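Below: the structure, in structure tokens.
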Number of protein chains: 2
Amino acid sequence: MTTAKHPQSNDKKKAKRIPLTKAGILNASLKLADEQGLEQLSMRKVAQSLGVEAMSLYNHIKNKDDLLDGILELVVSEFELPPIDQSSWKKSLRQAAISAHQVLLKHPWAAHQMISRVSVNPARLAWSNATIGCLHEAGFSYEITDHAWNAIDNHIYGFTLQSVNMPIDPEEFSDAAKHYLPMISEEQFPYLCAMANKVAEGKHSGINEFEFGLNLILDGLERLLED
Amino acid sequence: MTTAKHPQSNDKKKAKRIPLTKAGILNASLKLADEQGLEQLSMRKVAQSLGVEAMSLYNHIKNKDDLLDGILELVVSEFELPPIDQSSWKKSLRQAAISAHQVLLKHPWAAHQMISRVSVNPARLAWSNATIGCLHEAGFSYEITDHAWNAIDNHIYGFTLQSVNMPIDPEEFSDAAKHYLPMISEEQFPYLCAMANKVAEGKHSGINEFEFGLNLILDGLERLLED
DNA sequence: TACTATATACTTACACCGTAAGTAGATCAA
DNA sequence: TTGATCTACTTACGGTGTAAGTATATAGTA
């Protein structure tokens, strides 16, 4: 049962035109991107989900790039920003990084967009400002703050991208390892085989933890402060 | 002057058909991807560069995904693998990470492909095996090796993706900061403005160093070994 | 209320994409 | 030389983003 959001075809003579809005287009797009992935997101599909024709979207958004910019902004506005508090900067940054990671997992298409486009949208600027503020108030110079911010971002987006692009469910790592092992020459790739064997035998889950690498970075930053 | 790689149109009656090969297709594709970016890489364009029609490619490659798999394998085979040497594991991993980063900068489309597809191609397996081997022989358990490998990869790909997608040349950071500063509310985003000001004034280059975050990770791993 | 201007949704069309299916030509083996 | 197989070409299809023009709805003014 299709919900007629813009009833053009039904009761054309009676219905008032419900105007499209940029917000409506962005929300529909976000929903489709989340459900079907970004590669399946087309202007025609967005339009169809709204009960209009694709070209109508262009009265409200400049182009597809504008639309992608807009939906990314919706996602980033879900990030929990680190409070700027000198005494618990490490805990704040860890929590904010975890929040960003979790939001990006909810929208699997978003990490790559995050890393692919520069933006001066408000949520994006707020995210940057809060991270910089937290680091700077912790005592880092702006130069080290910049490097630290970059290192943390590399981790968040790198980790998330690897996670969302992993075609195997964590619960299935053991079975997958068993499946791939025969394809891999133990003579050529002994260490890879040994590790895959650990996973196949259930001695190691094969699941990577977001906080492992993050802690290396945050602990290292803390030591910089002590120097 | 177009080089007729497959002379069909010229001297059709005299020339012997130079057969397409998968390697030829992959090399042409790699060249085009490097010159024009992956989004501009189409089967028609590859075919045109080889002097044939697009559908001919399908005798040699399964589909476009097979082609992308193939060109990524060419790139990964340029990576310098870490020697497996217990006494200088840190130096080896740093050098290998730098090598991978540099190769991926040479092929700006490749980092995202690296992070987007799972592969059992030989160069890919060799890269994984060498990293795992280096870490394991350094003394890490396979479980910690897995986490460490993941943290290093997050850094390499995260950093590289941010670099290649940065639309501003490092030499132009100062001018760009001056350009963007008026667009950003100092009241709303004080820290971001302050940092951008440092860059605009030339007091901080704004250039992120690959080794900053990498060193945090490697130093942190070293400390794990000492525990 | 009628008219006009503007906003907005629809339609037609285009260039481009990946690739299925069929046709034509080249090569190889007997 | 003939026939089989391989390989390049052609036609076509469903899909993409969006330019340009047409039709409809809305808002403002006299």
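Chain naming here is simple, since letters A, B, ... match the order of the sequence lines and numbering starts at 1 in each. None of the values given here were measured: they were computed from a predicted structure.
Rounded to an integer number of Å, the gap from B:Leu50 CG to D:dC9 C1' is 15 Å. Distance CD (B:Gln36) to P (C:dC17): 10 Å, rounded to an integer number of Å. When the P atom of D:dT7 is taken as reference, atom NZ of B:Lys22 falls 14 Å away, rounded to whole Å. Rounded to an integer number of Å, the gap from A:Ile61 CD1 to C:dA7 P is 18 Å. For the pair A:Leu57 CG and C:dA7 P, the computed distance is 19 Å after rounding to whole Å. Rounded to an integer number of Å, the gap from CD of A:Glu53 to C1' of D:dT22 is 14 Å. Between the CG atom of A:Leu20 and the P atom of D:dT24 there is a distance of 18 Å, given to the nearest Å. D:dG17 atom P lies 12 Å from atom CD of A:Glu39, rounded to whole Å.
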(request) Could you walk me through whether A:Asn150 and A:Asn154 pass side-chain hydrogen bond (donor to acceptor under 3.5 Å, both in side chains), step by step? (result) CA-CA 6 Å; A:Asn150 176 258; A:Asn154 296 333; 3.1 Å; yes

(message) Could you go through B:His107 and B:Glu78, starting from their C-alpha distance and side-chain angles, then the distance that decides it, and tell me whether this counts as side-chain hydrogen bond (donor to acceptor under 3.5 Å, both in side chains)?
(response) CA-CA 11 Å; B:His107 310 282; B:Glu78 292 180 49; 2.8 Å; yes

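The side-chain heavy atoms of B:Met43 and B:Tyr58, taken from C-beta on, include a pair separated by under 4.5 Å. Using a 4.5 Å heavy-atom threshold, the side chains of B:Ile71 and B:Trp109 count as touching.
Residue-environment remark: CD (A:Glu39) stays at or below the threshold of 12 foreign heavy atoms within 6.0 Å.
Of the candidates D:dG17, D:dA8, D:dT11, the closest approach to any side-chain atom of B:Met55 belongs to D:dT11. Between D:dG17, C:dT11, C:dG18, one nucleotide has an atom nearer to the side chain of A:Lys64 than all others, and that is D:dG17. Nearest to the side-chain atoms of A:Met43 among the listed nucleotides C:dG18, D:dC9, D:dG17 stands D:dG17. Candidate nucleotides D:dG17, C:dC10, D:dC9 were compared by shortest atom distance to the side chain of A:Tyr58, and D:dG17 ranks first.
For the OP1/OP2 pair of C:dC16 and a distance below 4.0 Å, the side-chain nitrogens and oxygens of B:Lys45 include no atom meeting the criterion. In terms of phosphate contacts, B:His60 brings no side-chain nitrogen or oxygen within less than 4.0 Å of OP1 or OP2 of D:dC6. Close to D:dT7, at under 4.0 Å from its OP1 or OP2, lies no side-chain N or O of B:Ser56. Put simply, A:Lys62 has no side-chain N or O that comes within less than 4.0 Å of OP1 or OP2 on D:dT18.
The base of C:dG18 sits within donor-acceptor range of the side chain of B:Arg44, with an N or O pair under 3.5 Å. A donor and an acceptor atom never sit less than 3.5 Å apart when one is taken from the side chain of A:Asn59 and the other from the base of C:dA7.
Among the atoms of the strands shown, only primed sugar atoms or phosphate atoms (P, OP1, OP2) are found under 4.0 Å from some heavy atom of A:Leu41.
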